[in-house]
Amino acid sequence: MAQAVVILSGGLDSTTCMGMAQAAGYELLPITFDYGQRHRIELEKAKAVAAYYGVVEHRVIRLDFLGQFGGSALTDLSLAVPTGGVGPEEEIPVTYVPGRNLLFLSIAASYAEARGAKAIYIGVNALDYSGYPDCRPAFVEAVQQVLKVGTKAGVEGHPIRIETPLLHLTKAEIITAGMKLGVPYHLTTSCYNGQEEACGECDSCRLRLKGFAEAGYTDPIPYRNRAR
């Protein structure tokens, strides 16, 4: 069976990618990054999701230097988590983590090549978080080109594919697709504040709740406040 590395954060999008990779017939090789993020509960959620899918191996890679660098509300406690809603497309949100997806894909590619995996699944989305430069099609295409010219697999004519099945989907469309696949959303978290009970007020919670409502489902995780 062909293998696929799945970058698994424990959130809604990456867990949907797990379900999609499984449905595509891949043996799952989830990889999770501990990068000093504020919402560290996602590490436990990622472990729970990996266990749900019965994976043979789930790697957790520590990149604590990202937390040391700061520069993002997700890694720097001096920066407030935004609650006012996603801003204009041209603005890069304070929750952007400098270089995060570039590092994630580089390490995932190394892991994939070492294991002979054919693909990397990453839950980037250009609609809900269009302000993130590392969630845009141009970024994915550029990294794919790097894998073609900068890896043994690529030079030999069979580069590792970066799969981004959520890239152009709304949150509601993502949830609808995941529900059809039986994705365990009850095991996930999306809250930027990183509590056992989601705040329901940060931008990530608001997007998630809006997506569930538009898809016609009730979000199965607990919230302190379900404001949208």
**Student:** How far apart are the C-alpha atoms of S9 and S14, what are their side-chain angles, what is the distance that settles it, and do they pass the side-chain hydrogen bond (donor to acceptor under 3.5 Å, both in side chains) test?
**Tutor:** CA-CA 6 Å; S9 72; S14 68; 3.1 Å; yes

**Student:** Does some side-chain heavy atom of L12 sit less than 4.5 Å from a side-chain heavy atom of K171?
**Tutor:**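 Yes - at least one pair of side-chain heavy atoms lies under 4.5 Å apart.
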
**Student:** Under 4.0 Å between a side-chain nitrogen and a carboxylate oxygen: does that hold for R115 and E57?
**Tutor:**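 Yes, R115 and E57 are salt-bridged.
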
**Student:** Taking the side chain as every heavy atom from C-beta outward, state whether C205 and Y192 have any pair of such atoms under 4.5 Å apart.
**Tutor:**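 Sidechains of Y192 and C205: no contact.
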
**Student:** Take atom CD in E156; do more than 12 heavy atoms of anything else shown fall under 6.0 Å from it?
**Tutor:**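 Counting other residues, nucleotides and ligands, CD of E156 exceeds 12 neighbours.
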
**Student:** Side-chain polar contacts of residues 138-149 - donor-acceptor pairs under 3.5 angstrom, sequence neighbours left out - could you list them?
**Tutor:**
unit_1 : atom_1 : unit_2 : atom_2 : d
Q144   : OE1    : I162   : N      : 2.8
Q144   : NE2    : I160   : O      : 2.8

**Student:** Decide whether Y121 and V183 are clustered together by the hydrophobic rule: side chain heavy atoms of Ile, Leu, Val, Met, Phe, Trp, Tyr closer than 4.5 Å, transitively.
**Tutor:**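 Y121 clusters together with V183.
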
**Student:** Quick check: is V55 connected to F33 through a chain of hydrophobic side chains (ILVMFWY, heavy atoms under 4.5 Å apart)?
**Tutor:**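 F33 and V55: separate clusters.
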
**Student:** Would you indicate whether the side-chain heavy atoms of R208 and Y223 approach each other to under 4.5 Å?
**Tutor:**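 Answer yes - side chains close enough.
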
**Student:** Taking only Lys NZ, Arg NE, NH1 and NH2, and the carboxylate oxygens of Asp or Glu, determine whether D134 and R100 approach each other closer than 4.0 Å.
**Tutor:**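 The answer is no: the pair does not qualify as a salt bridge.
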
**Student:** State plainly whether the residues K45 and E42 are in salt-bridge range, i.e. N to O under 4.0 Å.
**Tutor:**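 Salt bridge flag = no for E42 with K45.
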
**Student:** Do T32 and L43 have side chains that get closer than 4.5 Å, going by heavy atoms?
**Tutor:**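 Yes, close enough: below the 4.5 Å cut-off.
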
**Student:** Say you draw a straight line from CD1 of I31 to CG of L8; how long is it, rounded to the nearest 0.5 Å?
**Tutor:**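 Reported value, rounded in 0.5 Å steps: 10.5 Å.
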
**Student:** Rounded at 0.5 Å granularity, tell me how far CZ in F104 sits from CG in L63.
**Tutor:**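 It comes to 6.5 Å.
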
**Student:** Calculate, to the nearest 0.5 Å, the distance between atoms CD and OH belonging to Q22 and Y53 respectively.
**Tutor:**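 It comes to 6.0 Å.
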
**Student:** With sequence neighbours excluded, what pairs up with A215 under the side chain to side chain contact (heavy atoms under 4.5 Å, CB included) test?
**Tutor:**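 By the side chain to side chain contact (heavy atoms under 4.5 Å, CB included) rule, A215 matches A172, I175, T176, Y217.
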
**Student:** Hydrophobic clusters here meaning ILVMFWY residues chained together by side-chain heavy-atom distances under 4.5 Å, can you tell me if Y26 and L181 are in one?
**Tutor:**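 Linked, Y26 and L181 end up in one cluster.
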
**Student:** Nearest 0.5 angstrom please: I174 CD1 to L169 CG, how far?
**Tutor:**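 Here the rounded value is 5.5 Å.
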
**Student:** Do V6 and I120 share a hydrophobic cluster (ILVMFWY, side-chain heavy atoms under 4.5 Å, transitive)?
**Tutor:**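 No; I120 is not reachable from V6 via cluster members.
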
**Student:** First locate atom CD1 of I7, then atom SG of C17, and finally report the distance between them rounded to the nearest 0.5 Å.
**Tutor:**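 Answer for the CD1-SG pair, I7 versus C17, is 9.0 Å.
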
**Student:** What's the spacing between Q37 CD and T95 OG1 if we round to 0.5 Å?
**Tutor:**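 So the gap between those two atoms works out to 13.5 Å.
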
**Student:** Do L103 and V60 share a hydrophobic cluster (ILVMFWY, side-chain heavy atoms under 4.5 Å, transitive)?
**Tutor:**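 No, L103 and V60 fall in different hydrophobic clusters.
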
